[in-house]
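Written below as structure tokens is the structure these notes are about.
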Number of protein chains: 2
Amino acid sequence: MKWEEFARPSVAVDVAVLTVVPESQPWLGLLVYRRAGDAHPGRWDIPGGFVQAGERLADTVLRVLREKSDVRGLAPTQLHVFDDPKRDERGWVIAVAHMDAVPHQRLQAAMTRRDDVRIVRVQDSDGRVRVQLPGRFRRLPWDHDEIVTMAVERLRERYARHPDPDGLTSSSDEGMTTTTHAPTVPTWDGGPVLGDSQVHALVAGAETGPAFTLTELRRVHEAVAGRPLQRDTFRRMVEPHLHRTAFTSEGRVGRPGVLYVRDDR
Amino acid sequence: MKWEEFARPSVAVDVAVLTVVPESQPWLGLLVYRRAGDAHPGRWDIPGGFVQAGERLADTVLRVLREKSDVRGLAPTQLHVFDDPKRDERGWVIAVAHMDAVPHQRLQAAMTRRDDVRIVRVQDSDGRVRVQLPGRFRRLPWDHDEIVTMAVERLRERYARHPDPDGLTSSSDEGMTTTTHAPTVPTWDGGPVLGDSQVHALVAGAETGPAFTLTELRRVHEAVAGRPLQRDTFRRMVEPHLHRTAFTSEGRVGRPGVLYVRDDR
DNA sequence: CGAATAGTGTCTCTTAGACAATATATA
DNA sequence: TATATATTGTCTAAGAGACACTATTCG
């Protein structure tokens, strides 16, 4: 038997798009859309679809995200291959589960354009990851709850090691108003005097991503972790990996926090 | 376009079978076989093959291991999906890489029966995992070196957390002669007196796996880790997860070590 | 000033790592 | 007894967690 003659399964991808919704108490969100057409019509589900000839799986994920939810994803990560021949009643389908962490800002446009796309809350109840779907169903179809669980676990591992590796911190949003305040004297000795354009770049994040206080960053990490984190311990964890700016937040009660920018690349 | 009409890739599995070869200085080994037939004939490679209709991927892995190397594997674990449409010059093939940790004892029969199956040494040189193949080739065909690297990393993560989770410790082999010595008085107070059959079960491993000293266990972990481990630190790591028997090793110079058995289930 | 938030010093507990002292076998 | 190996005690350094004290802003 030559290798071309082997039976071939259909190969599909499913993707759990996770984000942090920037409210005053940020929360972990999952992108879902309302199914139409073939199977489970009307039910909320995570996007998925079949690989096309010559396509890479990550590209399939990005295409499926555009088609089903009008969302431009970023960098899908493989999670697991679901290979039970009977998992899909429509035939022999092997599904490669993916996750993609996408800043809320990139999802908002699609959310306002379309009514069949939502971001739902992901919560832990007695040790399990649960999704708060609209409507009467409490679970995603097929084994898709399992994919979400894997995606959340993967994201938590990533965030336990590095400060906001996926850039889910977004200032300039309801509840998280962070205006800035330039110091009369720079904090460090002999530091460079920034020109206006540089200040803008730092503050607006044109070069280095948005600036944020450690409290804002911690709230994002708390949303991902699903539990409160220690203030001082968190600071000592992440501060070595960040760039401290000469600016502070403004506009709220209490002592203003120093603004940081990410220190990757 | 209906879903059945999508183009379908061939789906294959590849498997890196890792083992610890029990010599006086145990070492980490990889199962390879000599390719025949279609592509890269004569080159040493890790086993792989195509999924058959209705088959689960893990079963494909076990079947392929039997067919190509006469080896009965155990519990394959998924590592990664290699999906570059041009990775195989023969056509569109998606490969799901697996690893399987198998005790050396289970591999020996196949090794003596067949000349085209070998266990080769896996070593770290300047931060990279390297395989010492027989013959003139220094690398595995296609992207299979990458699979071995992933497999070794995965195994190291597992072994960093638990004592010999895959049961690669095998006593009763050249260089690791571990006979036993029953104590005149049990070490613990009020401990149960073991009958002969129980003693045999403990020592021969009929129930709980083979008994071993902490030094033997540490040498296995050192083979996996690819570096020496601290004696006392290692003991404190693993001892809480083991069952101490009332027996000690025998037959070598120096103080005999206490025999332990695994404490899972 | 009081309330609220940010920043930091310090204490404890745990653990890895290192070293050494003690224990028990063989030759 | 000399040697080799196993076992265990202890010291140190690093890090997580907890707590509290100080700092800086707004109202």
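- B/Leu217 is listed as a side-chain neighbour of B/Leu242, based on a closest heavy-atom distance under 4.5 Å.
- We find that CG of B/Leu242 is positioned 12 Å from P of D/dT7, with the value rounded to whole Å.
- The minimum heavy-atom distance between B/Ser125 and B/Arg130, with the atom names listed, is OG-CG, 3.4 Å.
- Enclosure of atom CZ in A/Arg113 by more than 12 non-hydrogen atoms of other residues, nucleotides or ligands within 6.0 angstrom is indicated.
- Within the 3.5 Å criterion, the main-chain N or O of B/Asp164 finds a donor-acceptor partner in the side chain of B/Arg262.
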* Structure fact -> Per-nucleotide protein contact along nucleotides 7-15 of chain C, 5' to 3', at a 4.0 Å heavy-atom cut-off (B base, S sugar-phosphate only, - neither), is BBBB-----
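- Taking atom CD of A/Glu250 as the reference point, atom C1' of D/dT24 lies 13 Å away to the nearest angstrom.
- Remark: C1' of C/dG17 and CG of B/Leu229 are 12 Å apart, rounded to the nearest angstrom.
- At the phosphate of C/dA18, OP1 or OP2 sits under 4.0 Å from a side-chain N or O atom of B/Gln230.
- One interatomic measurement links the two molecules: CZ of A/Phe234 to C1' of D/dG15, which rounds to 17 Å at whole-angstrom precision.
- Rounding to whole angstrom units, CZ of residue B/Arg218 and C1' of C/dG17 are separated by 14 Å.
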Which donor-acceptor pairs under 3.5 Å do the side chains of residues 151-158 of chain A make with protein atoms, sequence neighbours left out?
residue, atom, partner, partner atom, Å
A/Arg156, NE, A/Val224, O, 2.7
A/Arg156, NE, A/Ala225, O, 3.4
A/Arg156, NH1, A/Asp124, OD2, 3.0
A/Arg156, NH2, A/Asp124, OD1, 3.0
A/Arg158, NE, A/Asp166, OD2, 3.1
A/Arg158, NH2, A/Asp166, OD1, 2.6

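- For the pair B/Arg161 CZ and C/dA16 C1', the interatomic distance rounds to 18 Å; values are reported in whole Å.
- The side-chain contact (heavy atoms from CB on, under 4.5 Å) check on B/Arg236 picks up B/Asp232, with sequence neighbours excluded.
- Both A/Thr233 and A/Gly254 sit near DNA chain D, but only A/Thr233 has its closest nucleotide nearer the 5' end.
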